[in-house]
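First up is the structure itself, then whatever we jot down about it.
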Number of protein chains: 2
Amino acid sequence: MHFIADFLIKTPLFSNIGQTDLTNMLGCLDIKVKEYPKSHYIVSAGEPLSGIGILLSGEAAVIKENAAGSRIIMTILQPGGLFGEMPAFLPEAHWPASVYTQKSSSVLFLPPEKIVSGCQKLCPWHQTLTLNMLKIISEKALQLNKKVEYLSMKSMRGKLCAFFLEQYQKNANTTFTLPLKRNELADFLNVSRPSMSREMARMKEEGLIDFYLSSVRLLNIEKLRTMID
Amino acid sequence: MHFIADFLIKTPLFSNIGQTDLTNMLGCLDIKVKEYPKSHYIVSAGEPLSGIGILLSGEAAVIKENAAGSRIIMTILQPGGLFGEMPAFLPEAHWPASVYTQKSSSVLFLPPEKIVSGCQKLCPWHQTLTLNMLKIISEKALQLNKKVEYLSMKSMRGKLCAFFLEQYQKNANTTFTLPLKRNELADFLNVSRPSMSREMARMKEEGLIDFYLSSVRLLNIEKLRTMID
DNA sequence: CTCTTTTGGTAGCTATGGCTACCGATTATT
DNA sequence: AATAATCGGTAGCCATAGCTACCAAAAGAG
């Protein structure tokens with residue numbers, strides 16, 4: 001239990017909460033921990049919500065898949081990553097996406113009611129926890145907004161430029177390492193991998209970028225900017 | 001002021017709050033009301049956040065536009081509609097989208113700090129208001145999730161089927177009226193209007209649907225279901 | 001009721017990008 | 001170090017859907 005508390009205190013959901021408070025909370029919050037092997041579903045889209053999930057160790061992908069089996073990656077969860085926060089506070093909650101282990105993982109589930117509704121003891125940290133939740137969900141919503149921006153771009157070129165320029169901003173360097181494999185990037189931008197490779201090759205030919213495997217260098221930032229759709 | 005209180009009490013943000021409490025709140029919350037003529041920007045994407053907005057009267061569209069001027073409609077706001085909730089609780093907040101009046105409108109702005117941080121009087125409704133906020137933002141996030149679902153579909157046919165079937169579910173009737181004009185629907189699905197018309201004509205030809213202007217009837221639900229991408 | 005504006009349908013051309021298939025390179029496994 | 005599995009690049013074909021342009025119908029304004 002101490003191990004879990006030490007871990008949780010570093011996650012955004014439990015920020016601004018004192019060490020002692022947190023230890024008290026854990027008994028009150030009614031948590032459950034489960035283990036999953038690599039390449040297994042933790043939860044499947046559509047199933048009834050079993051609580052907010054926190055990845056304690058391993059790696060998992062939040063994915064959305066349609067009938068035909070075509071899938072898009074929403075996010076990659078690292079330890080500390082949260083999932084299921086969005087529907088947690090709504091009635092009749094169901095998982096809006098599936099979560100699939102990339103590595104063998106352990107997951108902590110925590111029932112949403114406990115976060116929000118004060119327990120009998122009227123612990124003071126409920127307000128803090130609710131506010132943290134509010135921030136986290138707001139951030140998620142903005143992330144989705146960003147995703148919508150990418151998906152709304154009609155041209156492949158536009159998507160790639162937007163993505164590269166964002167990486168450039170993050171790394172503050174024209175040379176950077178892509179955080180996704182080709183397959184994943186194609187999924188993320190919702191395009192087919194070969195088409196993406198083709199377009200990247202074209203951009204290299206035109207002297208806009210250079211790349212070798214996961215390492216990319218932007219050669220003409222200005223021109224790339226004008227190409228965002 | 002009484003007029004505003006009577007109006008607000010019916011909105012989701014102020015649900016579960018008593019009439020008397022609400023009247024007290026309004027003084028405490030530091031609200032501002034502004035008027036906007038038809039076809040004007042209320043806020044523009046990228047500008048610093050000026051507070052959470054609530055549409056009191058009129059109609060406005062939340063839109064996202066890229067450099068090239070191509071725009072997509074995120075939602076249509078009716079009186080009572082909220083905007084700016086997503087970034088409101090995050091530091092360095094900026095408007096993630098623009099809001100544009102479709103009819104002349106009046107808008108109430110309300111500073112987010114006031115919702116969350118208890119005032120000196122430690123009013124009991126702060127907790128309720130925060131919880132309402134949590135629900136609203138969760139819903140928004142799920143809506144965006146839905147939007148991502150639509151945009152992730154690669155075929156026009158798939159998008160149309162998904163949209164029609166959702167309308168069918170909402171109206172519980174195979175015949176229904178489209179809530180959007182062709183232009184708007186095309187924007188929403190992120191496709192071009194002529195291409196959409198063409199596809200709808202094809203679907204009519206194939207006996208899947210029938211339509212005249214904004215009235216649509218689904219003729220083969222099962223087959224439509226199999227076509228969602 | 002007429003005139004204007006908005007909205008919706010259609011046609012034809014063309015670019016974009018999806019898909020399959022294949023091969024070489026890189027990385028993981030033992 | 002050898003083998004297997006994953007990953008990335010390329011080619012060619014072709015369906016999908018974007019775009020412009022134009023016309024007809026409906027809705028609004030005077």
Side-chain angles (χ1 to χ4, degrees), chain A residues 37-39 59 61 66 68-73 76 100 102-104 150-161 163 177-206 209-216 227-229, chain B residues 38-39 59 61 66 68-73 76 102-104 150-161 163 177-206 209-216 227-229:
Chain A
K38 185 185 173 183
S39 303
E59 189 180 282
N66 50 38
S70 151
R71 48 160 62 183
I72 57 163
I73 296 181
I76 304 285
Y100 190 83
Q102 308 267 55
K103 303 177 182 170
S104 78
Y150 277 116
L151 294 181
S152 305
M153 293 183 195
K154 284 180 182 152
S155 77
M156 174 110 197
R157 179 69 67 105
K159 292 180 185 197
L160 283 171
C161 289
F163 185 81
T177 302
L178 290 176
L180 299 169
K181 301 185 203 304
R182 290 289 188 282
N183 239 323
E184 294 169 342
L185 182 54
D187 269 3
F188 179 76
L189 301 178
N190 202 37
V191 296
S192 87
R193 188 192 53 81
S195 299
M196 190 180 75
S197 271
R198 183 209 293 154
E199 190 63 32
M200 283 178 66
R202 272 186 206 146
M203 290 170 78
K204 189 194 263 183
E205 227 171 67
E206 295 176 30
I209 61 172
D210 195 16
F211 65 92
Y212 175 72
L213 296 180
S214 69
S215 146
V216 177
M227 285 176 162
I228 298 184
D229 220 304
Chain B
K38 185 184 174 185
S39 302
E59 191 180 282
N66 49 37
S70 149
R71 49 160 60 184
I72 57 163
I73 295 182
I76 303 285
Q102 308 268 53
K103 302 176 184 170
S104 79
Y150 276 117
L151 294 181
S152 306
M153 292 184 197
K154 284 181 184 150
S155 78
M156 174 109 190
R157 181 66 67 104
K159 291 180 184 197
L160 282 170
C161 289
F163 185 81
T177 302
L178 290 176
L180 299 168
K181 302 186 203 303
R182 290 288 187 283
N183 240 324
E184 294 169 342
L185 182 54
D187 269 2
F188 179 74
L189 301 178
N190 202 36
V191 295
S192 87
R193 189 193 51 82
S195 299
M196 189 180 75
S197 271
R198 183 210 294 153
E199 190 63 31
M200 282 177 67
R202 271 186 207 146
M203 290 170 78
K204 190 195 262 184
E205 228 172 66
E206 294 176 31
I209 62 173
D210 195 15
F211 66 92
Y212 176 71
L213 297 180
S214 68
S215 146
V216 177
M227 287 177 161
I228 300 184
D229 221 302

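Order of the sequence lines sets the chain letters (A, B, ...), proteins ahead of strands, with each chain counted from 1.
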Problem - Whole-Å distance separating the CZ atom of A/R182 from the P atom of D/dC7 - result: 12 Å
Problem - Flag, side chain of A/Y100 to backbone of A/S39, donor-acceptor distance under 3.5 Å - result: yes
Completion exercise
Atom NZ of A/K204 and atom P of D/dG8 are separated, to the nearest Å, by 14 Å
Practice task
Indicate yes or no for a side-chain donor-acceptor contact from B/K204 to the backbone of B/I209 under 3.5 Å, with no hydrogens or angles considered.
Solution key: no
Practice task
With the side chain counted from C-beta on, respond yes when A/F163 and A/L178 share a heavy-atom pair under 4.5 Å apart, and no when they do not.
Solution key: yes
Problem - Candidates C/dT7, C/dA25, C/dG9 - which lies nearest the side chain of A/Y212 - result: C/dA25
Practice task
Please state how far atom CG in B/L213 lies from atom P in D/dA24, giving the value in whole angstrom units.
Solution key: 16 Å
Completion exercise
In this structure, CE of B/M196 is separated from CZ of B/F188 (nearest 0.5 Å) by 12.0 Å
Problem - Heavy-atom side-chain proximity of A/Q102 to A/K38 below 4.5 angstrom - result: no
Problem - Side chain proximity check, B/M203 to B/C161, heavy atoms < 4.5 angstrom - result: yes
Protein-nucleotides 14-22 of chain C N/O pairs closer than 3.5 Å?
| unit_1 | atom_1 | unit_2 | atom_2 | d |
| --- | --- | --- | --- | --- |
| C/dG17 | OP1 | A/M156 | N | 2.3 |
| C/dG17 | N7 | A/R198 | NH1 | 2.9 |
| C/dG18 | OP2 | A/S192 | N | 3.0 |
| C/dG18 | OP2 | A/S192 | OG | 3.2 |
| C/dG18 | OP2 | A/S195 | OG | 3.0 |
| C/dG18 | N7 | A/S195 | OG | 2.8 |
| C/dG18 | N7 | A/R198 | NH2 | 3.4 |
| C/dG18 | O6 | A/R198 | NH2 | 2.3 |

Exercise for the section: Output yes when A/E206 and A/R157 qualify as a salt bridge under the 4.0 Å nitrogen-oxygen rule, no when they do not. Expected result: yes
Exercise for the section: Rounded to the nearest 0.5 Å, what's the gap from CZ on A/R202 to CG on A/L160? Could you check? Expected result: 11.0 Å
Handout entry: Five-pair end axes of the helix from C/dC1-D/dG30 to C/dT30-D/dA1 and the angle they enclose, rounded to 10°
Key = 60°
Problem - Distance, rounded to the nearest Å, where A/L178 contributes CG and D/dG8 contributes C1' - result: 12 Å
